[in-house]
There are 2 protein chains.
Amino acid sequence: MNDVARQAGVSLKTVSRVVNGETTVDPALAARVREAVASLGYRPNLGASLLRRADQRTGTIGLLLPDLVSPFSAALHRAIDAEVTRRGAQVLSGNVGHDPARERDLAETFARQHADGLIITPVAARQSHLAPDIPAVFVDRRARGWPADTVLATNHAGAKQAVEHLQRHGHRRIAYIGTMPGARRHGYRRAMAAAGLVKVERNDPEQALLEAPTALFTESRTVTVAAIRALQAAGMQRRVALVGFDDFPLADLLDPGITVVAQDPVAMGRAAARALFERIAGGTAEPRVISIPTTLIARGSGEVAIRGS
Amino acid sequence: MNDVARQAGVSLKTVSRVVNGETTVDPALAARVREAVASLGYRPNLGASLLRRADQRTGTIGLLLPDLVSPFSAALHRAIDAEVTRRGAQVLSGNVGHDPARERDLAETFARQHADGLIITPVAARQSHLAPDIPAVFVDRRARGWPADTVLATNHAGAKQAVEHLQRHGHRRIAYIGTMPGARRHGYRRAMAAAGLVKVERNDPEQALLEAPTALFTESRTVTVAAIRALQAAGMQRRVALVGFDDFPLADLLDPGITVVAQDPVAMGRAAARALFERIAGGTAEPRVISIPTTLIARGSGEVAIRGS
DNA sequence: CTGAAAGCGCTAACAG
DNA sequence: CTGTTAGCGCTTTCAG
């Protein structure tokens with residue numbers, strides 16, 4: 001900045017004013033400064049600037065996702081990106097890879113880089129260890145040990161939709177396939193029990209099929225695809241019904257098309273970004289849980305009627 | 001840091017040594033410092049540290065992708081992430097959304113945050129405007145106007161694989177469907193011409209089908225999926241052959257399975273990360289183009305024989 | 001509208 | 001092994 005000042009024939013402070021877009025600078029001087037900036041390839045030093053600056057905002061939001069490869073994460077990312085960009089800020093994202101240590105390291109990195117806030121799909125059981133004293137919002141999984149807003153799909157209602165749909169097609173013996181702990185699975189259990197159905201619970205679709213269920217309900221995209229493969233391998237894709245939690249690309253092009261309870265990642269991402277900006281702006285209300293409804297999309301696999309009925 | 005020093009009863013410099021992991025500190029003092037750090041919730045100021053530090057490394061790599069949602073980008077991301085993490089650094093990524101202005105802004109942001117290097121899948125026609133005087137490597141599209149290493153799939157060879165495969169199954173009249181300009185499409189043209197085939201070139205699969213080709217070659221995942229939909233809608237998925245460039249999830253579960261020329265995003269990502277670390281370490285060789293081979297994966301759609309043959 | 005001086009939090013270079 | 005001093009690049013405060 002000193003070099004720029006020298007070349008433009010002004011004081012350092014005037015350069016600072018121009019670089020920061022203050023309007024109280026003589027246009028002729030400002031032009032000379034901008035010229036010098038361009039010719040010297042000057043780039044302001046963010047860290048030095050932040051050292052003294054009153055307003056500590058950097059216009060940067062950190063996003064931590066367990067697995068950037070999943071279609072759900074990707075859609076969430078895009079929605080958050082759109083909302084954050086619309087407000088003139090930027091999203092930088094980090095891939096946690098389901099590793100709590102990396103979750104902590106990335107949160108720490110964002111905090112050291114003075115991100116204005118964090119949006120996190122947590123992978124660790126408790127989040128207290130990463131508390132980086134900057135505004136944060138959780139998405140898709142409830143945060144524990146660290147009060148913050150949380151945006152969730154309404155899993156319990158989603159499970160209810162799936163189970164009642166299968167029940168309407170005559171099914172009584174339904175296998176739940178998945179590995180997820182806690183609240184989400186609990187939602188499925190409650191839905192099954194409430195409907196008075198026989199429940200088979202397994203991690204592996206092939207094992208589940210041995211128990212002769214007439215319908216499958218799968219907990220995530222990964223498990224849904226595994227179930228499709230197992231059904232096709234056994235030639236049973238038209239004899240056992242299947243409803244998956246979470247939509248995925250090409251679900252409509254398979255044969256039969258896969259019926260899913262779709263989350264709404266666009267609404268979830270937008271809600272998370274909005275909640276975060278409220279926190280950044282200084283909102284100090286109690287931590288909220290924001291629920292986003294799910295939708296059942298019938299495509300064929302969930303409408304396979306029970307055998308012999 | 002001053003507060004920590006006071007509480008631990010040592011000088012500021014000793015705190016600095018402990019925080020930076022220097023080993024020349026009395027263990028008892030170091031323990032006292034760490035205790036004070038924890039109790040005060042002290043977090044070092046990266047910007048201030050960098051201001052004076054000789055080694056300007058931050059252990060951070062910036063990754064710019066045109067669209068984080070695409071499976072290819074996601075796979076690339078994961079591979080880069082793995083290689084960078086293995087070397088003890090972190091990847092922060094930004095979604096460019098095919099917008100040259102955002103590409104520039106994100107590169108600028110990473111530069112200001114002192115990223116050690118950049119990996120970019122460029123979207124702008126020329127990259128000279130974003131040249132952020134830090135080491136950079138391009139992936140998946142050749143960089144123009146800014147000499148840097150580039151990692152590419154061997155498109156020309158990939159097109160040859162596809163065309164020869166279709167030719168072997170009796171096809172002479174092949175539609176190329178895609179919108180991509182420049183080198184990649186050029187590769188397809190050359191491959192077609194070299195094989196002496198009749199080429200129909202269209203953006204839209206439905207239009208292409210009107211020209212009665214016996215086989216389709218699609219340029220990207222998006223176009224491949226559009227072609228699958230068009231073929232299924234016309235009931236022609238077993239009468240017209242299809243080979244797609246770039247593999248995608250569930251391609252094997254469709255009926256027929258979709259034959260593709262698969263890129264190798266894992267190898268591409270690893271090569272890009274390695275090239276970048278060489279540049280960061282000070283390698284000053286001429287800009288290279290690193291080619292990663294493609295593989296034809298036969299799944300059914302590309303082996304549909306020509307009608308009546 | 002412009003500039004001079006002080007100091008943000010930290011590390012390099014040098015003593016002890 | 002530990003401490004002192006100077007100064008990184010910038011913005012603040014305050015005086016012209």
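Below, chain A is the first sequence line, B the second, and so on; all start at residue 1. Owing to the predicted nature of the structure, the values given are computational and were not obtained by experimental measurement.
- Remark: nothing in residues 31-39 of chain A comes within less than 4.0 Å of DNA chain C through any heavy atom.
- Listed by residue number, A:Ser49, A:Leu51, A:Arg52, A:Arg53, A:Ala54 are the residues of residues 49-62 of chain A with a heavy-atom contact under 4.0 Å to DNA chain D.
- A:Asn20 comes within contact range of the sugar-phosphate backbone alone, with a heavy-atom separation under 4.0 Å but no base atom that close.
- With sequence neighbours left out, B:Glu278 forms a salt bridge (charged side-chain N to carboxylate O under 4.0 Å, His left out) with B:Arg288.
- Atom P of nucleotide C:dG9 and atom CG of B:Asp3 are separated by 9 Å, given to the nearest angstrom.
- We find that CZ of B:Arg43 is positioned 12 Å from P of C:dC10, with the value rounded to whole Å.
- For B:Arg32, there are no salt bridge (charged side-chain N to carboxylate O under 4.0 Å, His left out) partners at least two apart in sequence or on another chain.
- With hydrogens and angles left out, the side chain of A:Arg17 and the base of C:dG3 share a donor-acceptor pair within 3.5 Å.
- Between A:Asn45 atom CG and C:dC10 atom C1' there is a gap of 13 Å when expressed in whole angstrom units.
- Contacts between chain B and DNA chain D, taken as any atom within less than 4.0 angstrom of a protein heavy atom, begin and end at D:dC1 to D:dG9.
- Residues in residues 50-72 of chain A take part in these salt bridge (charged side-chain N to carboxylate O under 4.0 Å, His left out) pairs, two or more places apart or across chains: A:Asp67-B:Arg78.
- Between the side chain of A:Thr58 and the main chain of A:His114, a donor-acceptor pair closer than 3.5 Å is present.
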Kindly list each side-chain donor-acceptor pair under 3.5 angstrom involving residues 92-100 of chain B, sequence neighbours excluded, with atom names and distances?
residue : atom : partner  : partner atom : Å
B:Ser93 : OG   : A:Ser93  : O            : 3.2
B:Ser93 : OG   : A:Ser93  : OG           : 2.7
B:Asn95 : OD1  : B:Leu68  : N            : 3.3
B:Asp99 : OD1  : B:Ala101 : N            : 2.8

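- Scored by the side chain to side chain contact (heavy atoms under 4.5 Å, CB included) test, A:Ala48 finds A:Asn45, B:Leu51 as partners (sequence neighbours excluded).
- Judged as a side chain to side chain contact (heavy atoms under 4.5 Å, CB included), and not counting sequence neighbours, the contacts of B:Arg112 are A:Arg43, A:Pro44, A:Leu46, B:Glu108.
- A donor-acceptor pair shorter than 3.5 Å can be found between the side chains of A:Thr109 and B:Gln90.
- Atom-to-atom, CG of A:Leu46 to C1' of C:dC8 comes out at 15 Å; the value is rounded to the nearest Å.
- Here A:Thr85 pairs with A:Asp81, B:Arg102 under the side chain to side chain contact (heavy atoms under 4.5 Å, CB included) rule; sequence neighbours left out.
- A search for salt bridge (charged side-chain N to carboxylate O under 4.0 Å, His left out) contacts involving B:Arg6 returns B:Asp3, not counting sequence neighbours.
- Close to C:dC1, at under 4.0 Å from its OP1 or OP2, lies no side-chain N or O of A:Thr24.
- Partners of B:Thr23 according to the side chain to side chain contact (heavy atoms under 4.5 Å, CB included) rule, which considers only residues two or more places apart in sequence or in another chain, do not exist here.
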